[in-house]
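Every heavy atom of this structure was used, including side-chain atoms; hydrogens, water molecules and symmetry mates were not.
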Amino acid sequence: MSAHSPASSPLQLPAPWRPVAWFALAYVLAWSLLPPLLGSSLPLDVAESLSWGHEWQWGYYKHPPLAPWLLELSYRAFGHVGPFFLSQLFIALTLWIVWRTGCRLMPRERAFIGTLLTMGVAYYTRPALEFNHNIAQMPFWAAVGYGFTAALQKDGRLRHWALVGVAGGLGLITKYSVGALLATLALYLLATPARRQLLRPGPWLALALMALIFWPHLMWLQHTDWLPMAYASSRASADGDVSRADALNFMLTQCLNHVPLALIVLAAAFFTRRQRRALAAHDPGAARWRLHSARPAYLLVLAAGSALLVSAVGLALGLRVRDMWGVPMWVFSGLLVAAWLPSAGLRPMRPYLLRGLAVWLVLVSVLTFAFLAWGAHWRQRPSRMDWPQAALARQADATWQSQSRCAIDSVSGDYWLVGLLAAQMPERPSVFIAGDERFSPWISPERLAARGTLWVGLDGDAPPPWLELLGADPSMRVQQGQWTVDWPEKRAGPPIAMRWRSYVPAACARTP
């Protein structure tokens, strides 16, 4: 694979980059600052990941550790704005890496348009409201693609293979599904003349660095009897039988998430049809819709190979394929679309593509923010971001302070509910997830006996067996009661009735 000639100065942006940069800045600020103002609680995955990242473990019962670590750091630095800003930062970093990759495969003009068109994939708009492991994969996914692309070109260096290894390792300790991209690129390496690279040190350096980064998490997996895999298996069993149609549904969902991108391109093609015909009259070959790329087949593999591989394996083996696995798989979709644009249509289509993209981003932003502001009232039921997080945390803190002279050490109960409390309370207590010691290895019987805990549940919930045993300890002061908390602005119905039970060691108790 040879480097495309326009890639010689990849940091030189095409002419319209300044207005695009100002639009991008406004977009990032809006999506970072407005959601925490319009919503009254953190999204589901954010609250859960914060309860993990607060403990700094090498793994958690659902996922590897890197995303919760990064989320914890962002929350400490910026509070409730942190998770939303982190999502936009990761998307911006992903787009920059996509731009660098595109400059190695096609002229800068196409790379620039293709990078921007990535935002036409719905995954990179509304779902990014919730920083989770899928969003966290994006820059690592893109970095693996860039490093692999650069390593196979004539100016490829050992450092590019090192980037593949580091980005792949960090991706794997973010979410295991990065393995789909690594497997796709490995198959490409074996099935094409690029396999001669296996006689050189580069691929083996990448593999060694990947293994080195993944090693601590692998040790954690062995120590916990492969807990995330066991959890995934139990969840799959609970979800019922797996149908081979799941793989087809997966691809259908991926196509639906590309509808905005398709509409933008079709509209631009429609409005420029006369200019393109006039230009094509002088150069018929320039009117052809074909892949304008240094290596067309490679670009197809890079942009769509992972999704096709996952679908094929799921279809062949009858494995469950979840739709949201596709979130990071399409970081190079925009490049693939830009590479298809005919040479005769590239320049006249550009303003229409940029305007169409701007309309899409403004539209999805307005709809998202409107839903955050008034969605609970419209639907007559709350979303996860409509819960009275601050009021619940104040109730929990006041209840504990009224009974204990010691700082609260942990809260127990449903991971969503107590995750909200723990993130908002001043002491940032640990979370005892569902009262299950496997899910919260940082909580031990000794720690509970020494420091106590506050259990919180909705009406009808009951404390788990561990806490029932704790309450039987004669040195433990146990009290219980109920809170009634209004929804923010009373938009979502009657007040929430919640039960609580405090377990306070005698040494900390305020009353006998």
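Using bins of under 30°, 30° to 60° and over 60° for the plane-to-plane angle, the ring pair F439/Y61 lands in the parallel bin. The aromatic rings of Y188 and F148 lie perpendicular to each other, with more than 60° between the two planes, well past the 30° mark.
Panel note: side chain T368, backbone R126; no donor-acceptor pair is recorded below 3.5 Å. Side chain of N132 to backbone of I135: a donor-acceptor contact under 3.5 angstrom is found. In this structure, S440 contributes its side chain and I433 its backbone to a donor-acceptor pair below 3.5 Å. Side-chain atoms of W69 come within 3.5 Å of backbone N or O of Q57 as a donor-acceptor pair. In this structure, the side chain of S87 does not engage the main chain of L129 through any donor-acceptor pair within 3.5 Å. Remark: side-chain polar atoms of R110 are paired, donor with acceptor, to backbone N or O of A338 under 3.5 angstrom.
Contact record, L189 with A194: CD1-O, 3.5 Å, taken as the closest heavy-atom pair.
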Show me the donor-acceptor pairs within less than 3.5 Å that the side chains of residues 254-266 make with the rest of the protein, sequence neighbours left out.
from: Q254; atom 1: OE1; to: Y123; atom 2: OH; distance (Å): 3.0
from: Q254; atom 1: OE1; to: W330; atom 2: NE1; distance (Å): 3.0
from: Q254; atom 1: NE2; to: Y123; atom 2: OH; distance (Å): 3.2
from: Q254; atom 1: NE2; to: F250; atom 2: O; distance (Å): 3.1
from: Q254; atom 1: NE2; to: D323; atom 2: O; distance (Å): 3.2
from: N257; atom 1: ND2; to: Y123; atom 2: OH; distance (Å): 3.4
from: N257; atom 1: ND2; to: T253; atom 2: O; distance (Å): 2.9
from: H258; atom 1: ND1; to: Q254; atom 2: O; distance (Å): 2.8
from: H258; atom 1: NE2; to: S333; atom 2: OG; distance (Å): 2.8

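Residues that satisfy the side chain to side chain donor-acceptor pair (under 3.5 Å) test with W416, not counting sequence neighbours, are absent from this structure.
Here the straight-line distance linking atom CG of L308 with atom OG1 of T184 works out to 8.5 Å at 0.5 Å rounding.
Counting only residues at least two apart or on different chains, the salt bridge (charged side-chain N to carboxylate O under 4.0 Å, His left out) pairs with a member in residues 73-99 are E72-R76.
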